[in-house]
There are 2 protein chains.
Amino acid sequence: MSDPNPAAGRAYTHVKTRILSGDLAGGTLVSEVQVGMELGLSRTPVHEAFLRLDAERLLTLSSRKGAVITPISPREARNVLEMREAVEATAARRMVEDGSTDKTLPALASVLERQRVHAAEGDVDRFVAADEEFHSLVIDGSGNDIAAQFYAQLRDRQQRLRHLLLRLRPGDLAGACGDHEHLADALAKSDADEYARVLHAHMARYEGAL
Amino acid sequence: MSDPNPAAGRAYTHVKTRILSGDLAGGTLVSEVQVGMELGLSRTPVHEAFLRLDAERLLTLSSRKGAVITPISPREARNVLEMREAVEATAARRMVEDGSTDKTLPALASVLERQRVHAAEGDVDRFVAADEEFHSLVIDGSGNDIAAQFYAQLRDRQQRLRHLLLRLRPGDLAGACGDHEHLADALAKSDADEYARVLHAHMARYEGAL
DNA sequence: GGGCACCCGCTTGCATGCAAGGATGCGCGC
DNA sequence: GCGCGCATCCTTGCATGCAAGCGGGTGCCC
């Protein structure tokens, strides 16, 4: 996903990073030549990058006018969290149905352990990385490729929200760890409904924070 | 979505149609020049089309070898149906929470009526179109853009499955209509849980058919 | 006969040229 | 002063040229 072609991949990563970090604000008009100059590339690979980003709804190409960075709608946070919840609850349910939780539980425990350390140290960046890893493990464990594809996009959008809006308060970190512990427990008990309930509360915590 | 640029859009639609209809089987190697010749275009717009289709996972670009049509995995049907169920149940739940079912119910009733006619006439193609319209109305009614985006992709993938595998038996049409009636009723009663239950059964019906 | 190297044709990646479409701002007419 | 039209600059859409990577087939050598 990160090096399909040297030039096009570089352009893609460059622009995407700037969008997700909030460096390029919504509504900004960017041109292919401009980005190309910055990276020493011609328009072609930049155009490719723009097409991919357009498919991800991170910008909108309008013919012969340029590309405008998609503004974040007020409903974006709710939309993202709702979809994350839907996808992940379904993934957990499938793992329970298939009896394949055993393959994922050890990895979850390992991530959770690291996450607790980062929470204690107040290392928010690593904490967030571990948080994402935890949820991704569940998605991947389900074996549903489409869920994984969707989840990757949702992760991007949430990253963009995180940079735009406030950072998590350190006090929330411990609570999130507790949530994850409950989630892992629910999986260990093969209780998909409880997983869904706890996940819903977990998302509500984030929604409150945004 | 269907005419971003004249040439690139034509190439995109052309190739996508052939993939979804099963005309281009999984594993087939297609080249840009080949498609360009067929449509009287140069490689550039065809390349654009390929990039978009790659983003939708309908084909895979491998550098300097060509584009291979993504084969349908044996798990594809289950993956698609699971995600459809997750997304649509969430959409219905939001409509209930927001009390916005009233805006959608009349349209649902209208589609349902048409669908019954098509079922009675055994017009499978129109029936399927109405079926898709019904579900899309629910998704759109939720106002979750991301859900709509995901659902559109799922619809494409399901269309591909439908063409690859057996057609629906006419006997199923009436049953599907009954399901839709139940779904609309659940929405009218603002019972999101019942909607989810009926939807699950509805999807199981399709999964059995594949 | 078997194995290896090379060459050729295929493919795309990227740069560039040309032309068309849209927005802006200036100047003219009123 | 106000409004309209035009010219210009900006943007991208698409075609094409060139080079590089990959695979298949052939021919050589052993």
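Computation of the quantities below employed the complete heavy-atom set of this structure, encompassing side-chain atoms and omitting hydrogens, waters and symmetry-equivalent molecules.
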Show me, pair by pair, the donor-acceptor contacts under 3.5 angstrom made by side chains of residues 106-118 of chain B, not counting sequence neighbours?
{"residue": "Arg114(B)", "atom": "NH2", "partner": "Glu133(B)", "partner atom": "OE1", "Å": "3.2"}
{"residue": "Arg114(B)", "atom": "NH2", "partner": "Glu133(B)", "partner atom": "OE2", "Å": "3.1"}
{"residue": "Gln115(B)", "atom": "OE1", "partner": "His180(B)", "partner atom": "ND1", "Å": "3.0"}
{"residue": "Arg116(B)", "atom": "NH2", "partner": "Glu181(B)", "partner atom": "OE1", "Å": "3.4"}
{"residue": "His118(B)", "atom": "ND1", "partner": "Arg114(B)", "partner atom": "O", "Å": "3.3"}

*Is a side-chain N or O of Arg43(B) found less than 3.5 angstrom from the main chain of Gly36(B), in a donor-acceptor match?*
no
*Base, sugar-phosphate, or nothing for Ala8(A), non-hydrogen atoms under 4.0 angstrom?*
sugar-phosphate
_When the axes are fitted on five pairs at both termini, how much does the helix from dG1(C)-dC30(D) to dC30(C)-dG1(D) curve, in 10° steps?_
10°
Residues 87-95 of chain B side chain polar contacts: donor-acceptor under 3.5 Å, at least two apart:
{"residue": "Glu88(B)", "atom": "OE1", "partner": "His135(B)", "partner atom": "ND1", "Å": "2.8"}
{"residue": "Glu88(B)", "atom": "OE1", "partner": "Tyr151(B)", "partner atom": "OH", "Å": "3.2"}
{"residue": "Glu88(B)", "atom": "OE2", "partner": "His135(B)", "partner atom": "ND1", "Å": "2.8"}
{"residue": "Glu88(B)", "atom": "OE2", "partner": "Tyr195(B)", "partner atom": "OH", "Å": "2.6"}
{"residue": "Thr90(B)", "atom": "OG1", "partner": "Ala86(B)", "partner atom": "O", "Å": "2.9"}
{"residue": "Arg93(B)", "atom": "NH1", "partner": "Asp193(B)", "partner atom": "OD1", "Å": "3.1"}
{"residue": "Arg93(B)", "atom": "NH2", "partner": "Asp193(B)", "partner atom": "OD1", "Å": "3.3"}
{"residue": "Arg94(B)", "atom": "NE", "partner": "Glu82(A)", "partner atom": "OE1", "Å": "3.1"}
{"residue": "Arg94(B)", "atom": "NE", "partner": "Glu82(A)", "partner atom": "OE2", "Å": "3.0"}
{"residue": "Arg94(B)", "atom": "NH1", "partner": "Ser142(B)", "partner atom": "O", "Å": "3.3"}
{"residue": "Arg94(B)", "atom": "NH2", "partner": "Asn79(A)", "partner atom": "OD1", "Å": "2.4"}
{"residue": "Arg94(B)", "atom": "NH2", "partner": "Glu82(A)", "partner atom": "OE1", "Å": "3.3"}

*Mind jotting down which residue pairs meet the salt bridge (charged side-chain N to carboxylate O under 4.0 Å, His left out) criterion with at least one end in residues 62-71 of chain B? Sequence neighbours excluded, please.*
none
Polar atoms only, N or O, under 3.5 Å: list the protein pairs with nucleotides 21-24 of chain C and their distances.
none

*State plainly whether the residues Arg57(A) and Asp145(B) are in salt-bridge range, i.e. N to O under 4.0 Å.*
no
*Which residues, if any, of residues 39-48 of chain B bring a heavy atom under 4.0 Å of DNA chain C?*
Arg43(B), His47(B)
*Taking salt bridge (Lys or Arg N to Asp or Glu O under 4.0 Å) as the test, write out the residues that go with Glu85(B), two or more places apart.*
none
*asked:* Between Tyr12(B) and Asn5(B), is there a side-chain donor-acceptor contact under 3.5 Å, judged purely by atom types and distance?
replied: no
_Going 5' to 3' along DNA chain D, which are the first and last nucleotides with any atom under 4.0 Å from a heavy atom of chain A?_
dT11(D) to dC14(D)
*Do you know which two heavy atoms are closest between Ile69(A) and Ala25(A), and how far apart they sit?*
CB-O, 3.4 Å
*Between the side chains of Gln158(B) and Glu132(B), does any donor sit under 3.5 Å from an acceptor?*
no
*Please check if the side chain of Thr28(A) supplies one atom and the backbone of Leu24(A) the other of a donor-acceptor pair under 3.5 Å.*
no
_Partner residues of Arg157(A) under the salt bridge (Lys or Arg N to Asp or Glu O under 4.0 Å) criterion, sequence neighbours left out_ = Glu76(A)
_For Asp123(A), give me all partners under salt bridge (Lys or Arg N to Asp or Glu O under 4.0 Å), at least two apart in sequence or on another chain._
Arg126(A)
*asked:* The criterion is salt bridge (Lys or Arg N to Asp or Glu O under 4.0 Å); which residues satisfy it with Asp98(A), sequence neighbours excluded?
replied: Arg78(B)
Taking only N/O atoms, report every protein-nucleotides 6-9 of chain C pair under 3.5 Å with atom names and distance.
none

